[in-house]
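Chain letters run A, B, ... following the sequence lines, proteins first, then strands; residues in each count from 1. Please read these numbers as outputs of a predicted model, since none were measured by experiment.
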Amino acid sequence: MSDATDQQPQTKSMDDIMSLCKRRGFIYQASEIYGGVNGFWDYGPLGAQLKKNLRDAWWQDIVMNPCQGKLGPKGGPVSIVPVDTCIIQNPKVWEASGHVGGFNDPMVDDKETKQRFRADHLFGLYVIDGSEFTVGGAVPDSVEWNQLALENPAYAGKIISTVIAGSVAEAIGHITQDPKQVVLDCELNLRVKKATLWSGPNTDYPETSALLFSLSNNQQQAVLVLPIKIGQVAIDDFYPPDEVPSPFSGRRNTLTLPRDFNLMFKTYLGATATEDDIAYLRPETAQGIFINFKNVVDTTRVSVPFGIAQTGKAFRNEVTPRNFTFRSREFEQMEIEFFCHPEEANDWYAFWRDWRMQWWQEIGLAGENLILREHDKDELAHYAKEGAGTSDIEYRFPFTAPGFGELEGIAHRSNYDLSAHQNHPESNTKLEYLDTTRGELAKNGQPKGERYLPDVIEPSAGLDRGVLAILCEAYTPDPERPSKVYMKFHPRVAPIKAAVFPLVNKDGMPEKAAELHRLLVKRFGHLGKIETDPKQSIGKRYARMDEAGCPFCFTIDGDTLTDGTVTVRDRDTAEQKRIPFDDVVEFVATGLGLG
RNA sequence: GCGGGUGUAGCUCAGUGGUAGAGCGUCACGUUGCCAACGUGAAUGUCGUCGGUUCAAAUCCGAUCACCCGCUCCA
């Protein structure tokens, strides 16, 4: 989530939206009659159709008619093929992808300050020995070797302070910008006054980079210069617990041992359920694409650049499921892995970023609540390539306002995943692509071909988050109308496409309504529900359709039987006009954008 | 995981120890010519769950579950 750049308030109430979702059958709490289960939600009849319509729209515009015919950066058509891969895969897939090692993030709590952080984000400052430090480079004359390390051997090699950062480089950056956050020994109150990165012999290996600290010791008023090595705190260093000082207070004995938060869902293959049978529910659909890259290349007539697309469920044991369906433990993704030559990757990245933004706008998130945000450099994931970056398409949900929450991430993954699978000792499969359009020309004038691992641009969207954003965007309070609210769905995703009502349930009107209903179902039934309802007052039926977000209601009345016209009532304006009965099908087709 | 809040009919909520309630919605019948109309009637609850105190618990106490808000987290 990111901060708002403009402060337009989001006035819709999430409680009201959730209430309508329950009342009208969009979303129910999962396992509700048993008290629910944290982080899981079920879709009711309208919600299931809405979700299907959004998934179908994506499939249509990605797989069936990629980018609605928009040409790629080099002017050629965009090529995409689909796959549908398993939720359970060989556990080695998740070793290679880094999820088994990296996704199960051990967490540490500071019992005193109640702060929590990832254990692998904790970086320790170690006092090092001068002889080690001088290898390959001269130490400036001004350096007075620190008595702390040399006179107190107990400190040498130990962690004397900690900071939280994503990498050594980031930790050094934090410290040099704000040296005061470093407390070298809380009992002696040795605060750092100035910190500079010493251009030591090993700057190519940041984990052995050293910092020069100027200390301000209140008692002695002396300035010491202290060489410090910075490196990730190993899990073993947390035991005994007094080894590692808190990054917040500098005090020891306040941190818990790293605890496994187990973000992967574990299960067992087969009935014996031993440790050897452990498997995982996928935390992302992407790996199913990568491990089938060679299959797709070998068995279909695709050529780079091309994409593989897939929708499907994924599972993450989120630490804190929160915000309705926004962060669920079971969720559905819509992912593209687009493979291209490394030289073209930046162009494709920009192409997908811009087109995906346009797509969400076209589907109904057109307003200021949708933004495209480039990640800052220090946010980039481990696979994100330097210089190419990652973008989020973000929506201002009522619960994130004035900030935004991610709907889709467009990431430049370089060849991280293909390379990981190719290099895993047990895959032993060459995943390099032979591009016969590249390479030197042979004598016959044909290119000799070039072998390479394609770079990957990954537009990865959350289907459930998309549904939630559409629900929030569509929710429109209107005190003027009986329902007090209506759902302003884009007709393309609206779960109910049209409704047919006899004004009263007699005098031939229900028969005529049934006829029109049959016509509309025949023509549009594959796109969504066509509602009909002969009972209750017409106003009540309109109001119900407002809450369901049905864009068009057609009412059969006495005049229909004599002059062959019906009333069409527009959801957004509540205005009514008469059109010929025979024009209704075309009217709906136009309204749904089918021209 | 921490702190705060909430949990009673489909929805919104009242109910401070003594028979489980209201409005709206839903359903049925009648009426009804265009925005939750009108009349009559009906159904709907283990008061989130479990335990304790009490002659008696929706109400007091404890635990637990779920949701909301703020932290934290979200390769």
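If you check every strand for non-hydrogen atoms under 4.0 Å, A:G409 touches nothing. Residue contacts shown for A:F324 are limited to sugar-phosphate atoms, with no base heavy atom under 4.0 Å away. Residue A:E480 is out of contact with every strand shown, counting any heavy-atom pair closer than 4.0 Å. Residue A:R24 is classed as a base contact, given a heavy-atom separation below 4.0 Å to a base.
Salt-bridge annotation for A:R569 and A:E575: absent, with no side-chain N of the basic residue lying under 4.0 Å from a carboxylate O of the acidic one. For the pair A:D455 and A:R413, the salt-bridge criterion is not met [side-chain N within less than 4.0 Å of a carboxylate O]. Between A:R481 and A:D546 there is a salt bridge, with a side-chain nitrogen of the basic residue lying less than 4.0 Å from a carboxylate oxygen of the acidic one.
Put simply, A:R544 has a side-chain N or O that comes within less than 4.0 Å of OP1 or OP2 on B:U26. OP1 or OP2 of B:C69 sits under 4.0 Å from a side-chain N or O of A:N323. Under 4.0 angstrom from either OP1 or OP2 of B:C27 there lies at least one side-chain N or O belonging to A:Q536. The shortest distance between the side-chain N/O atoms of A:K506 and the OP1/OP2 oxygens of B:U31 is not below 4.0 Å. Taking side-chain N and O atoms only, A:K540 has no distance below 4.0 Å to OP1 or OP2 of B:C35. Within the 4.0 Å cut-off from OP1 or OP2 of B:C65, not a single side-chain nitrogen or oxygen of A:N38 is found. A close approach under 4.0 Å does occur between a side-chain nitrogen or oxygen of A:S19 and OP1 or OP2 of B:U12.
Under the Watson-Crick or G-U wobble criterion, with both distances below 3.5 Å, B:G33 is left unpaired in every strand shown. Pair assignment for B:A63 gives B:U49, based on Watson-Crick or G-U wobble hydrogen-bonding distances that are each under 3.5 Å. Of all nucleotides present, only B:U40 satisfies the Watson-Crick or G-U wobble test against B:A28, with each distance under 3.5 Å. Base pairing of B:C55 is made with B:G18, judged by Watson-Crick or G-U wobble geometry with both donor-acceptor distances under 3.5 Å.
Aromatic ring centres of A:F293 and A:F339: separated by under 6.0 Å. In this structure, A:F399 has its ring center closer than 6.0 angstrom to the ring center of A:F397.
A gap of 15 Å separates the C1' atoms of B:G23 and B:U44, to the nearest Å. Of the C1' atoms belonging to B:A37 and B:U31, the separation is 11 Å, rounded to the nearest Å.
Residue A:K22 is the one, among A:R465 and A:K22, whose nearest nucleotide of RNA chain B lies closer to the 5' end (criterion: closest heavy atom).
Counting distance only, with no hydrogens placed and no angle test, the side-chain atoms of A:E284 and the base atoms of B:A75 include a donor-acceptor pair under 3.5 Å.
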